There are 2 protein chains.
Amino acid sequence: MDEACPLKVCGDKKYYCSMELTLQVIGGKWKPIIIHRLGTEGVLRFSEVRRSIPNITQKMLTQQLRELEADGMVRREVYAQVPPKVEYSLTELGESIMPVIGSLCRWGESYAQWHARRLPDQAEAV
Amino acid sequence: MDEACPLKVCGDKKYYCSMELTLQVIGGKWKPIIIHRLGTEGVLRFSEVRRSIPNITQKMLTQQLRELEADGMVRREVYAQVPPKVEYSLTELGESIMPVIGSLCRWGESYAQWHARRLPDQAEAV
DNA sequence: CGGCATCCGTTATGATACTG
DNA sequence: CAGTATCATAACGGATGCCG
């Protein structure tokens with residue numbers, strides 16, 4: 001793939017591995033989860049995304065959604081009405097990463113099981 | 001998978017989505033890259049890993065490797081000799097995430113191409 | 001409803017120097 | 001060679017208040 005990792009340029013940043021680029025787009029604490037929600041549920045209003053992700057603050061959700069939008073991953077549709085209505089959904093590009101998101105999810109489940117076997121005393125509810 | 005995301009417990013932390021657990025283990029700026037290197041190259045000495053990842057500092061590499069080791073992803077073998085020799089490699093658990101790592105890498109490449117088509121003026125070297 | 005602006009503390013990351 | 005220790009900065013994340 002890129003064992004020697006030749007220098008790559010995208011925008012004004014340099015990458016020695018294409019994964020750095022991936023992490024640039026979907027890295028962080030919330031983005032994979034947001035993408036997972038939108039990819040699973042389809043079109044969601046802001047408040048629906050918010051409810052579907054416990055613990056996320058309004059600020060972080062807004063911020064992450066905007067970054068995902070800027071990177072072409074998320075579509076944002078504003079309805080000119082009162083009260084406001086904004087709907088979010090994945091773009092085609094966003095959809096294209098869903099298989100990987102699903103893999104991350106499944107690996108987490110198998111890791112939880114591995115962890116439970118390793119430390120059986122903490123296995124409840126996992 | 002887990003659309004309603006029932007609460008999960010692993011160790012002493014709570015997760016609403018198994019992906020949070022995945023990100024706990026392989027999240028951060030360097031871990032996916034480190035895993036990718038070890039998975040691609042096999043057994044590497046500390047200095048070899050370091051050379052294969054430009055820009056990473058010694059401190060970050062040490063820290064991330066230790067965390068990966070604590071999570072069972074990486075095997076650390078110390079040779080009692082002077083000068084010291086420490087070899088790192090993926091455990092079976094670490095190997096199990098390599099397919100996902102590969103997917104992340106390939107998605108980054110396709111994203112770069114998509115980006116190049118979207119902004120042809122920055123397409124050089126991508 | 002769906003934001004934005006501000007302040008603030010916590011983590012994460014990094015540069016540098018030193019050590020067994 | 002493979003780290004530690006120290007110091008500094010930047011990014012992340014959260015609480016609160018205001019707005020169209």
Side-chain angles (χ1 to χ4, degrees), chain A residues 12-17 19-35 37-38 41 43-71 74-89, chain B residues 12-17 19-20 23-35 37-38 41 43-71 74-89:
Chain A
D12 57 348
K13 296 194 175 174
K14 299 166 196 161
Y15 302 92
Y16 293 87
C17 172
M19 193 159 31
E20 291 184 59
L21 187 51
T22 303
L23 297 177
Q24 192 82 19
V25 178
I26 64 152
K29 185 176 176 179
W30 300 112
K31 283 177 183 174
I33 298 175
I34 294 172
I35 293 171
R37 287 290 166 278
L38 290 176
E41 318 252 339
V43 182
L44 291 179
R45 297 185 59 166
F46 183 87
S47 54
E48 291 174 327
V49 183
R50 184 146 152 65
R51 268 195 301 276
S52 80
I53 306 179
N55 299 332
I56 197 173
T57 61
Q58 200 172 36
K59 174 189 175 180
M60 291 313 296
L61 182 54
T62 300
Q63 182 181 307
Q64 303 299 304
L65 280 170
R66 291 301 163 84
E67 289 179 16
L68 287 170
E69 188 192 5
D71 286 330
V74 161
R75 186 181 300 115
R76 179 172 181 261
E77 191 150 6
V78 183
Y79 294 82
Q81 63 180 50
V82 178
K85 175 179 170 183
V86 182
E87 285 182 344
Y88 293 91
S89 57
Chain B
D12 56 350
K13 297 195 175 173
K14 299 166 197 163
Y15 301 93
Y16 293 88
C17 172
M19 194 162 28
E20 292 184 58
L23 296 177
Q24 193 80 20
V25 178
I26 64 152
K29 186 175 176 177
W30 300 112
K31 283 178 184 173
I33 298 174
I34 295 172
I35 293 171
R37 286 291 166 279
L38 291 176
E41 317 254 338
V43 182
L44 291 178
R45 297 184 59 164
F46 182 87
S47 55
E48 292 173 327
V49 183
R50 184 146 152 64
R51 268 195 301 276
S52 79
I53 306 180
N55 299 335
I56 196 172
T57 60
Q58 201 171 34
K59 173 188 175 181
M60 288 312 297
L61 182 55
T62 301
Q63 181 182 307
Q64 304 298 304
L65 279 170
R66 292 300 163 83
E67 289 179 16
L68 287 171
E69 187 192 5
D71 286 329
V74 161
R75 185 181 301 112
R76 179 170 181 263
E77 190 150 7
V78 183
Y79 294 83
Q81 63 180 49
V82 177
K85 175 179 172 184
V86 181
E87 285 182 343
Y88 292 92
S89 56

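This is a predicted model, so every value here is computed, not measured. Residue numbering restarts at 1 for every chain, and letters A, B, ... go by the order of the sequence lines.
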- Task: Rounded to the nearest 0.5 Å, what's the gap from CZ on A:Arg45 to CZ on A:Arg51? Could you check?
- Result: 9.0 Å
- Message: For the CD atom of B:Gln64 and the CD1 atom of B:Ile35, what is their distance to the nearest 0.5 Å?
- Response: 10.0 Å
- On DNA chain D, more 5' by nearest nucleotide between A:Gln63 and A:Pro84 is A:Gln63
- Using the side-chain contact (heavy atoms from CB on, under 4.5 Å) rule, pick out the option among A:Leu44, A:Ile26, A:Leu61 that qualifies with A:Ile34. A:Leu61
What does the list of N/O pairs under 3.5 Å between the protein and nucleotides 3-7 of chain D look like, with a distance for each?
unit_1	atom_1	unit_2	atom_2	d
D:dG3	OP1	B:Arg66	NH2	2.6
D:dG3	OP1	B:Arg76	NH2	2.5
D:dG3	OP2	B:Tyr88	OH	2.5
D:dG3	N7	B:Gln58	OE1	2.8
D:dG3	N7	B:Gln58	NE2	2.5
D:dG3	O6	B:Gln58	OE1	3.1
D:dT4	OP1	B:Arg66	NH1	3.0

- Message: When you measure from the side chain of A:Arg76 to the backbone of A:Glu69, do you find a donor-acceptor pair of N or O atoms at a distance under 3.5 Å?
- Response: no
- Quickly work out the B:Lys85 NZ to D:dA2 C1' distance and round it to whole Å. 13 Å
- Message: What is the separation between atom CD on A:Glu48 and atom P on C:dG3, rounded to the nearest whole Å?
- Response: 13 Å
- Which whole-number value in Å describes the distance from B:Lys29 NZ to D:dA10 P? 13 Å
- Under 4.0 Å between any heavy atoms, over every strand shown, what does A:Arg45 touch: base, sugar-phosphate, or nothing? Just pick one. sugar-phosphate
- Query: How long is the span from the CZ atom in B:Arg37 to the CZ atom in B:Arg50, to the nearest 0.5 Å?
  - Reply: 14.5 Å
- Query: Looking only at side-chain N and O atoms, does A:Ser47 come under 4.0 Å of OP1 or OP2 in C:dG2?
  - Reply: yes
- In Å and rounded to the nearest 0.5 Å, what is the CG to CD1 distance from B:Leu38 to B:Ile33? 12.0 Å
- Item | d(NZ, A:Lys31; P, D:dA11) in whole Å | 13 Å
- Message: Just to be sure I understand the rule, does B:Pro83 reach a base, reach only the sugar-phosphate, or reach nothing, if contact means heavy atoms closer than 4.0 Å?
- Response: sugar-phosphate
- Task: Would you mind reading off the distance between A:Gln81 atom CD and D:dG20 atom P, rounded to a whole angstrom?
- Result: 19 Å
